[in-house]
Participant: 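Mind looking over this structure? Questions follow.
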Amino acid sequence: MSFINSVLNWVVPPASLVMLACSWPALCFINTCEWLYKSFFSEDMEDKVVIITGASSGIGEQIAYEYAKRKAILVLIARREHRLRGVSEKARYIGAKRVLIMAADVVKEDDCRRFVNETINYFGRVDHLVNTASLGHTFYFEEVGDTSVFPHFLDINFWGNVYPTYVALPYLRQSNGRVVVNAAVESWLPLPRMSLYAAAKAVLVSFYESLRFEVNGEVGITIASHGWIGSEMSRGKFMLEDGAEMQWKEEREVNGTGGPVEDYAKMIVSGACRGHQYVKYPSWYDIFLLYRMFAPGILNWALRMLLAPNGSRRTSLVGTGRPALI
């Protein structure tokens, strides 16, 4: 087996480059035609049923408004029902045909099964499932003193997407529907103080890339990736098990402003309705993919220079188990 792998190590890379060079013009032509087609033709969402998780604020809330503009029927899911009422009223005002709100926890399979089944009972179908529930952090991994916070990140960022998808998938097959996923550039771009969040998002993207092959075109999958977004998550709110909110004690030590959440939400809905596999906001982050593939050392050096703390190192997050260092 080692001999075969040694031969393939020499044969496969050059052969693949030759095949890519030969097929590149045809691939560019096909992709251009597909892009032109999707630019002019978009799915009509009027009277289509859309389930949106994490819809009480941030990206999920803005996505609800974008679907409302397209006269869709909305099913809004979040843990804070009082916030959903306000989002529901505004969505109806904007143009949503009907709006159903349900308080549920997406990390619990029974809750996911309940809101999907109630959607089917009310409307008889599901056309889009939009998973936006997410949880970020801004602490250094080595500073965590209470590891009980670790499961929260995987639960919300991974299982909080998997469970709704698992329950809704049979109905999405019936309608040839679509799953929309809220990922992040941290899934492939290494950034400090985002280790657990980045790991969860990387697993999430891998899951949906594999699922794309399993559903074999019967259900579309749109993976949306964002950079710095000025949402509630990036400002640091953490929803604990009892529903109380806890604010991170610091922001990143990087001077920067987030892109508008509204623009990102508009791109997501537009891309999903046009059948795009990927939505990226902003797209200039893609340049770092080239560095990661061909010059990872330069990328790591540049990030260290840009993101290095200036003298002081302030800790964050409840559960670190130590006082802040100023």
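Just so it is clear, the values below take in all heavy atoms, side chains as well, and ignore hydrogens, waters and symmetry mates.
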Participant: Using ring centroids (six-membered ring only for Trp), state whether Tyr67 and His128 fall under 6.0 Å.
Facilitator: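 Yes.
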
Participant: If we ignore angles and hydrogens, is there a donor and acceptor under 3.5 Å between the side chains of Arg274 and Ser42?
Facilitator: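 No donor-acceptor contact under 3.5 Å links the two side chains.
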
Participant: Using side-chain heavy atoms (C-beta onward) and a distance below 4.5 Å, is Leu211 in contact with Thr165?
Facilitator: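 Sidechains of Thr165 and Leu211: in contact.
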
Participant: Could you tell me whether the side chain of Phe123 reaches within less than 4.5 Å of the side chain of Leu100, counting heavy atoms only?
Facilitator: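 Sidechains of Phe123 and Leu100: in contact.
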
Participant: Nearest heavy-atom pair of Ala183 and Ile223: which atoms, and what distance?
Facilitator: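 Answer, listing the atom of Ala183 first, then Ile223: CB-CG2, 4.0 Å.
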
Participant: With side chains defined as the heavy atoms from C-beta onward, is the minimum distance between Val180 and Leu129 less than 4.5 Å?
Facilitator: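 Not in contact.
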
Participant: Between the side chains of Lys90 and Glu61, is the shortest nitrogen-to-carboxylate-oxygen separation below 4.0 Å, so that they form an ion pair?
Facilitator: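 Answer for the salt bridge query: no.
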
Participant: How about Arg70 and Ser270: do any of their side-chain heavy atoms sit closer than 4.5 Å?
Facilitator: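 Contact flag for Arg70/Ser270 side chains = yes.
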
Participant: By the definition side-chain contact (heavy atoms from CB on, under 4.5 Å), identify the one residue from Leu154, Ile156, Asn161 that meets it with Val107.
Facilitator: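 Single pass found, and it is Ile156.
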
Participant: Please check if atom NZ in Lys71 has more than 12 non-hydrogen atoms from other residues, nucleotides or ligands closer than 6.0 Å.
Facilitator: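 No, not enclosed.
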
Participant: Should Phe150 and Phe141 be marked as a ring pair (Phe, Tyr, Trp, His ring centres under 6.0 Å) after you check the CA-CA gap, both sets of side-chain angles, and the distance that decides it?
Facilitator: CA-CA 10 Å; Phe150 287 175; Phe141 179 74; 5.6 Å; yes

Participant: Can you confirm if the aromatic rings of His226 and Tyr264 lie within a centre distance of less than 6.0 Å?
Facilitator: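 For Tyr264 and His226, the ring centres are under 6.0 Å apart.
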
Participant: With a sphere of 6.0 Å drawn around OH of Tyr122, does it hold more than 12 non-hydrogen atoms of other residues, nucleotides or ligands?
Facilitator: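 12 or below, so no.
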
Participant: Check this for me: does any side-chain nitrogen of one of Asp127 and Arg125 sit under 4.0 Å from a carboxylate oxygen of the other?
Facilitator: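 Here Asp127 pairs with Arg125 in a salt bridge, since their nearest N and O are under 4.0 Å apart.
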
Participant: Is it the case that Lys201 and Ser134 place a side-chain donor and acceptor less than 3.5 Å from each other?
Facilitator: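 Yes, Ser134 and Lys201 have a side-chain donor paired with an acceptor closer than 3.5 Å.
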
Participant: Are Phe213 and Tyr208, when compared by the centres of their aromatic rings, separated by less than 6.0 Å?
Facilitator: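 No, ring centres 6.0 Å or more apart.
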
Participant: Considering only NZ, NE, NH1 and NH2 on the basic side and carboxylate oxygens on the acidic side, decide whether Arg92 and Glu89 come within less than 4.0 Å.
Facilitator: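 No salt bridge links Arg92 with Glu89.
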
Participant: Give a yes or no on whether a salt bridge exists between Glu218 and Arg173, defined as a side-chain N under 4.0 angstrom from a carboxylate O.
Facilitator: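 Result for this pair is yes, salt bridge flagged.
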
Participant: Will you find, in the side chains of Ser56 and Arg79, an N or O donor that is under 3.5 Å from an N or O acceptor?
Facilitator: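 Note: Ser56 and Arg79 side chains miss the donor-acceptor criterion.
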
Participant: Quick one, Tyr281 and Asp263 - any side-chain contact, counting heavy atoms below 4.5 Å?
Facilitator: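 Tyr281 vs Asp263: side chains touch.
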
Participant: Heavy-atom count check: over 12 atoms from other residues, nucleotides or ligands less than 6.0 Å from Tyr166 OH?
Facilitator: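 Atom OH in Tyr166 is not crowded, with 12 or fewer foreign heavy atoms closer than 6.0 Å.
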
Participant: Could you check if a side-chain atom of Tyr163 sits within less than 4.5 angstrom of a side-chain atom of Phe158, using non-hydrogen atoms only?
Facilitator: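 Tyr163 does not reach Phe158 side chain to side chain.
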
Participant: A side-chain contact here means heavy atoms from C-beta on lying under 4.5 Å apart; do Ile63 and Thr132 qualify?
Facilitator: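 With C-beta onward as the side chain, the pair touches.
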
Participant: Between Val75 and Met102, is any pair of side-chain heavy atoms under 4.5 Å apart?
Facilitator: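 A side-chain contact exists here, since the closest heavy-atom pair is under 4.5 Å.
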
